[in-house]
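The structure under discussion appears below in the form of structure tokens.
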Amino acid sequence: MSSARTPYQRFIKNLKSTMDMLKLSPAEKKLFLEPQHSHEKTITMTMDDGKNKSFPAFRVQYNNARGPYKGGIRYHPLADKDEVMALAALMAIKTAVVGIPMGGAKGGIQCDPKVLSKRELQELSRAYVRAFQEHLGPDIDIPAPDVNTTPAIMAWMRDEYEKRTGTYAPAMITGKPLSYDGSRGRDTATARGGFFILQELIEGEALDSKNLRVVVQGFGNAGAVMAHFLHDAGYTVVAVSDSHGGIYSPDGIDPVRIEKYKNKTGTVAGEYCRGSVCDTQKMKMDGIRQVSNEELLELPCDILIPAALDNVITEKNAKNIKAKIILELANGPTSPEADEILQKRKIKVIPDVLANAGGVTVSYFEWTQGRSGEQWTDAHVDAELKRVILTAYKDVRREVHRDKVSYRQAAFIVGVRRIVEAMRVRGWVE
Ligand code: GLU
């Protein structure tokens with residue numbers, strides 16, 4: 001069995017080696033190997049054309065030993081129970097690694113949001129809340145955005161929840177718009193957290209951002225914001241991509257320009273190409289080459305940042321990766337087999353449960369603001385995020401040096417140990 005593994009099987013492979021290292025008892029292992037609750041519903045709604053359509057929907061609550069369940073909801077044609085389960089489990093580890101008092105959960109709707117009208121999207125989002133309402137709440141399970149879900153969707157969900165329960169519940173969901181009790185800095189938090197870690201890492205290795213070339217896969221909330229941070233800090237962003245493919249320039253790409261064309265045309269290559277028809281003359285003049293998402297991962301660079309979907313670095317391409325550092329802004333981009341190859345090749349992989357934990361960290365700040373009625377400033381959010389994420393990074397790094405393990409193994413050790421401690425305190429296990 002290799003890359004044919006499912007997302008959950010890939011998670012379990014990492015988890016099992018951690019549980020063995022920590023010498024967990026059979027009872028403790030059992031509590032870890034399955035989610036506490038896995039809810040599944042079919043949402044049926046009337047589409048704009050008057051026909052009824054059904055969508056499978058999920059909410060997996062993996063573990064709440066350390067606090068209420070927490071995690072996003074993704075809208076994707078391939079979202080299924082197995083994937084949502086893996087993502088929920090990763091959330092439990094992630095919240096423990098950054099030491100915020102929350103557990104792990106994830107939701108999903110199997111749909112293609114790109115073909116839905118605004119009305120359909122709103123109805124589907126409200127129907128999701130109605131389907132899982134009894135399992136949600138500020139002290140129970142707090143959703144947030146994930147792939148293809150936005151602050152506007154969070155606003156509809158909160159409104160639906162408040163209407164149904166007759167309560168005022170700004171803390172029932174995070175990632176809300178600023179004008180509707182969202183938190184400052186939440187929109188840039190995932191990239192910001194990863195950026196703080198990267199800066200700390202390169203300083204520790206006495207590297208200079210001016211000499212570092214970076215490839216970013218994905219130009220959504222995480223990837224695009226990260227490209228801006230890197231560019232502003234003097235790194236050379238040599239390639240970016242979206243689901244249609246990418247562009248590469250050894251001399252560097254200006255993310256501001258890319259974003260402008262992406263907004264106008266829908267793709268990062270929009271300045272040069274319409275579909276598969278490209279202005280090759282202009283590309284040549286600007287030193288730009290079109291690359292596929294697969295090619296992009298193998299480009300010459302110092303730092304590779306997967307910021308899109310899972311399982312893109314596998315045993316097939318791990319040996320061809322040129323980067324010396326991989327920072328996982330996406331969830332689950334590296335398969336366990338690829339991880340082994342990268343470790344042997346001494347490539348540092350900063351794992352998702354640490355690298356992209358800035359998002360859930362600021363979600364936690366948003367939740368505390370929702371409960372207290374406070375409003376934090378940008379500077380306060382930024383300073384707190386930096387403190388939390390760099391503390392987590394140092395906790396993980398300590399484990400890397402002590403146990404001579406990879407950053408992923410170290411992060412899992414830190415996270416699983418904290419969850420087990422909470423389970424013991426609660427008396428779930430001896
Ligand atoms: N979906 C994000 C993640 O995977 C954020 C979750 C949250 O803010 O609760 O970490």
Side-chain angles (χ1 to χ4, degrees), residues 7 11 58-64 66-76 79 83-109 128 136-138 140-151 153-155 157-158 170-177 181-194 197 218 220-223 225-226 306-310 327-333 350-370 381 384-385 388-389 392 411 415:
F11 167 78
F58 313 91
R59 186 73 185 167
V60 176
Q61 299 174 317
Y62 206 84
N63 190 287
N64 68 351
R66 302 184 57 268
Y69 299 109
K70 183 85 193 83
I73 302 170
R74 76 169 47 182
Y75 289 1
H76 198 273
E83 184 192 54
V84 175
M85 216 153 88
L87 292 164
L90 284 177
M91 284 309 302
I93 308 280
K94 197 184 296 188
T95 52
V97 169
V98 281
I100 58 175
M102 312 217 113
K106 201 82 168 196
I109 304 182
Y128 183 90
L136 304 176
I140 305 168
D141 182 352
I142 305 117
D146 196 72
V147 173
N148 291 327
T149 47
T150 58
I153 292 175
M154 301 304 111
M157 289 186 164
R158 170 187 166 185
M172 69 76 55
I173 201 161
T174 60
K176 300 180 294 293
D181 301 307
S183 175
R184 295 199 170 276
R186 177 62 187 86
D187 51 347
T188 52
T190 307
R192 194 113 191 109
I197 292 175
N221 174 262
V225 178
M226 189 66 177
L309 290 176
D310 69 339
L327 185 81
E328 295 184 340
L329 284 191
N331 285 315
I350 306 300
D352 45 13
V353 289
L354 174 63
N356 72 30
V360 75
T361 301
V362 178
S363 269
Y364 161 60
F365 300 160
E366 183 175 329
W367 178 77
T368 64
Q369 290 169 80
V381 169
E384 280 300 286
L385 172 58
V388 170
I389 206 91

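Counting starts at 1 for both ligands and their atoms, in listed order. It should be emphasised that the depicted structure is a prediction, and the values quoted were computed from it without experimental measurement.
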Main-chain N/O of Ile173 paired with Arg158 side-chain donor or acceptor, under 3.5 Å: no

For Thr174 and Arg186, does a side-chain donor sit closer than 3.5 Å to a side-chain acceptor? no

Ligand 1 atoms in contact with Lys94 (distance to a heavy atom under 4.0 Å): 3 (C), 4 (O), 10 (O)

Which atoms of ligand 1 are found less than 4.0 Å from any heavy atom of Ala144? 7 (C), 8 (O), 9 (O)

Counting non-hydrogen protein atoms only, what is the nearest one to atom 8 (O) of ligand 1? Give residue, atom name and distance. Ser363 OG, 2.5 Å

Identity and separation of the nearest protein heavy atom to atom 1 (N) of ligand 1: Asp146 OD1, 2.7 Å

Judged by atom type as modelled, is there a donor-acceptor pair below 3.5 Å linking the side chain of Tyr69 to the main-chain atoms of Leu136? no

Between Pro145 and ligand 1, does any nitrogen or oxygen pair lie at a separation below 3.5 Å? yes

Can you tell me the protein heavy atom closest to atom 9 (O) of ligand 1 and the distance? Lys70 NZ, 2.8 Å

Pairwise side-chain contact, Arg74 with Glu83, heavy-atom cut-off 4.5 Å (strictly under): yes

Any side-chain donor paired with an acceptor under 3.5 Å for Asn331 and Asn356? yes

What atoms of ligand 1 come closer than 4.0 angstrom to any heavy atom of Met91? 3 (C), 4 (O), 6 (C), 10 (O)

Find out whether Pro7 and Leu87 are in side-chain contact, i.e. whether some heavy atom of one side chain is under 4.5 Å from a heavy atom of the other. no

Say whether Lys106 and ligand 1 are in contact under the criterion: heavy-atom distance to a ligand atom below 4.0 Å. yes

Is there a side-chain contact between Phe11 and Leu90 in this structure, where contact means two heavy atoms from C-beta onward sitting under 4.5 Å apart? yes

In this structure, does ligand 1 have an atom that sits under 4.0 Å from one of the heavy atoms of Ala357? no

Please check whether Asn356 reaches ligand 1 - meaning an N/O of the residue sits under 3.5 Å from an N/O of the ligand, judged on distance alone. no

Below a 4.0 angstrom heavy-atom separation, can you tell me which part of Asn331, side chain or backbone, both or neither, approaches ligand 1? side chain

Do Ile142 and Met102 have side-chain heavy atoms sitting under 4.5 Å apart? yes

Just by distance, no angles: are the side chains of Lys70 and Asn64 close enough, under 3.5 Å, to form a donor-acceptor pair? no

Between Arg186 and ligand 1, which residue portion shows a heavy-atom distance shorter than 4.0 Å: side chain, backbone, both, or neither? side chain

Applying a strict 4.0 Å limit to heavy atoms, is Gly71 in contact with ligand 1? yes

